[in-house]
There are 2 protein chains.
Amino acid sequence: MVKRVSLSDAECPMARSLDGIGDWWSLLIVRDAFDGVRRFGEFQKSLGISKGILARRLQGLVALGVLTMTSASDGSAWQDYVLTSKGEALFPVIVALRQWGEAFCYRPGEPHSELVDRKKGKSLAPLVVRDADGEIIQMRDTVVKKLALSSKDY
Amino acid sequence: MVKRVSLSDAECPMARSLDGIGDWWSLLIVRDAFDGVRRFGEFQKSLGISKGILARRLQGLVALGVLTMTSASDGSAWQDYVLTSKGEALFPVIVALRQWGEAFCYRPGEPHSELVDRKKGKSLAPLVVRDADGEIIQMRDTVVKKLALSSKDY
DNA sequence: CAGGATCCAATACGATACTG
DNA sequence: CAGTATCGTATTGGATCCTG
């Protein structure tokens with residue numbers, strides 16, 4: 001959008017992610033899809049988004065391979081939008097954003113919805129970042145390694 | 001932006017998060033801040049963003065409490081932008097987006113930068129979502145519990 | 001160099017009307 | 001109901017010029 005410096009060919013994976021789903025609606029659509037929303041009208045009602053933008057976003061997510069269209073489960077003439085495995089892989093992203101919002105975007109006591117596990121009904125554990133050996137690490141323990149090597153890096 | 005339905009008073013923490021940092025540049029600025037970028041000019045060069053937008057985004061992140069301005073480390077008259085604890089708490093979000101990008105936004109063999117731990121130089125472990133007892137759970141094991149109760153919830 | 005001010009193109013988004 | 005088409009407006013974001 002607004003064709004800025006193209007992020008789509010960036011060497012940073014985060015930039016590529018954002019290039020595809022980094023707008024205001026896509027991740028909210030994905031969140032709804034996680035919650036079981038499948039139909040155009042359900043998305044529209046849930047999000048309060050205009051029809052035109054919703055249609056474009058759904059198209060974009062389908063084109064990206066995050067959602068796929070299947071014949072409607074209720075036998076109607078229309079399509080259902082369901083998450084692909086690529087879409088389901090956004091689960092940690094959703095959880096991370098939600099947990100950050102819970103922790104930093106509400107005043108104390110202000111109510112908000114909660115993501116709980118279905119069996120126990122309890123909140124999830126905070127996401128933690130671990131190294132290859134499973135040890136918990138902090139931001140300061142990491143560094144970005146650039147690979148400019150395009151073919152055989154030996 | 002484009003004053004759509006305000007997400008800032010949403011009951012969904014994810015919507016609130018996106019309301020603050022859900023644009024195209026904010027998370028990339030935060031990523032750079034994680035990588036040690038502090039100065040206006042460094043951000044601009046690293047991101048290829050125009051000065052006007054960068055200034056506005058930095059202001060927004062400062063207003064949000066994600067960044068803070070400190071007197072420049074090199075003694076110049078200007079300010080450094082550094083992450084607050086609220087900003088540092090975005091670490092799992094950054095990692096989640098990066099890992100998703102690595103896994104799904106590159107063709108096989110296509111090079112990209114890599115986030116490694118400083119000591120061992122190895123890639124991080126994939127983020128996993130766990131329940132309150134530390135057990136790994138999937139998307140399908142969770143459900144959103146809405147709390148509409150605004151004061152005493154019984 | 002760090003920003004602010006201004007101008008302009010592209011577009012994101014909402015509202016509405018239209019179609020099958 | 002599921003979209004598409006059109007229109008108006010607000011905002012983005014780049015480029016340029018200006019200042020301390």
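Hydrogens, waters and symmetry mates are skipped; everything else that's a heavy atom, side chains included, is used. Just so we're on the same page: letters track the sequence lines, and every chain starts at 1.
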| said: Just verifying a value: how many Å separate R98(B) CZ and C12(A) SG, rounded to the nearest 0.5 Å? | reply: 4.5 Å
| field | Minimum-distance pair of heavy atoms, taken over all atoms of P13(B) and S113(A) | value | CD-OG, 3.5 Å
| message | Under 4.0 Å from OP1 or OP2 of dC13(C): is there any side-chain N or O of R57(A) that close? | response | yes
| task | Please confirm whether the backbone N or O of F40(A) pairs with a side-chain atom of Q44(A), one donor and one acceptor, at under 3.5 Å? | result | no
| N or O in side chain of Q59(A) less than 4.0 angstrom from dG3(D) OP1/OP2 | no
| Gap between atoms CG and P, on D80(B) and dG3(C) respectively (whole Å) | 10 Å
| request: Starting from P on dA2(D), measure out to CD1 on I29(A) and report it in whole angstrom. | output: 14 Å
| Closest nucleotide among dG14(D), dC13(C), dG20(C) to the I53(B) side chain | dG14(D)
| field | Nucleotide nearest Y81(A) when distance is taken to its side chain, options dG3(D), dT12(D), dG20(D) | value | dG3(D)
| message | With a cut-off of less than 4.0 Å, is there a side-chain N or O of W25(B) near OP1 or OP2 of dG13(D)? | response | yes
| request: Find the bend of the helix from dC1(C)-dG20(D) to dG20(C)-dC1(D) as the angle between its two terminal axes (five pairs each), to the nearest 10°. | output: 30°
| Which nucleotide in dA2(D), dC13(C), dT4(D) has an atom nearest any side-chain atom of S50(A) | dC13(C)
| query | Can you say whether the rings of H112(B) and Y106(B) are parallel (under 30°), tilted (30 to 60°) or perpendicular (over 60°)? | reply | tilted
| task | Quickly, which of V93(A), L90(A), V37(A) forms a side-chain contact (heavy atoms from CB on, under 4.5 Å) with V30(A)? Name it, please. | result | L90(A)
| query | Do E114(A) and K122(A) sit within salt-bridge range, that is, some charged N less than 4.0 Å from a carboxylate O? | reply | no
| said: Whole angstroms only, please: what is the CZ-P distance between R56(A) and dT11(C)? | reply: 10 Å
| query | For the pair made of CD1 in I49(A) and P in dA15(C), what is the distance, rounded to whole Å? | reply | 11 Å
| task | Could you verify whether a donor N or O on one side chain and an acceptor N or O on the other, from S46(A) and D32(A), lie under 3.5 Å apart? | result | yes
All N/O contacts under 3.5 Å from nucleotides 17-19 of chain C to the protein, with atom names and distances to one decimal?
none

| said: Rounding to an integer number of Å, can you tell me how far L58(B) CG sits from dG13(D) P? | reply: 13 Å
| Starting at CG of L28(B) and ending at P of dT12(D), how long is that distance when rounded to a whole Å? | 16 Å
| E110(A) (side chain) donor-acceptor with R107(A) (main chain) under 3.5 angstrom | yes
| query | Are side-chain N/O atoms of S76(B) and R39(B) paired as donor and acceptor at under 3.5 Å? | reply | yes
| message | Are the side chains of D80(A) and M69(A) in contact, using a 4.5 Å heavy-atom criterion? | response | no
| field | Residues within residues 39-46 of chain B bordering DNA chain C, heavy-atom distance below 4.0 Å | value | R39(B), F40(B), G41(B)
| note | Assign each of G52(A) and W78(A) the nucleotide of DNA chain C bearing its closest heavy atom; nearer the 5' end lies the nucleotide of G52(A)
| Under 4.0 Å between a Lys/Arg side-chain N and an Asp/Glu carboxylate O for D131(A) and K120(B)? | yes
| field | Length of the line joining W24(A):CH2 and dC13(C):P, which is rounded to integer Å | value | 8 Å
| message | Can you measure L54(A) atom CG to dA15(C) atom C1' for me and round it to whole angstrom units? | response | 15 Å
| task | Using a strict cut-off of less than 4.0 Å between a Lys/Arg side-chain nitrogen and an Asp/Glu carboxylate oxygen, indicate whether E88(A) and R140(B) qualify as a salt bridge. | result | yes
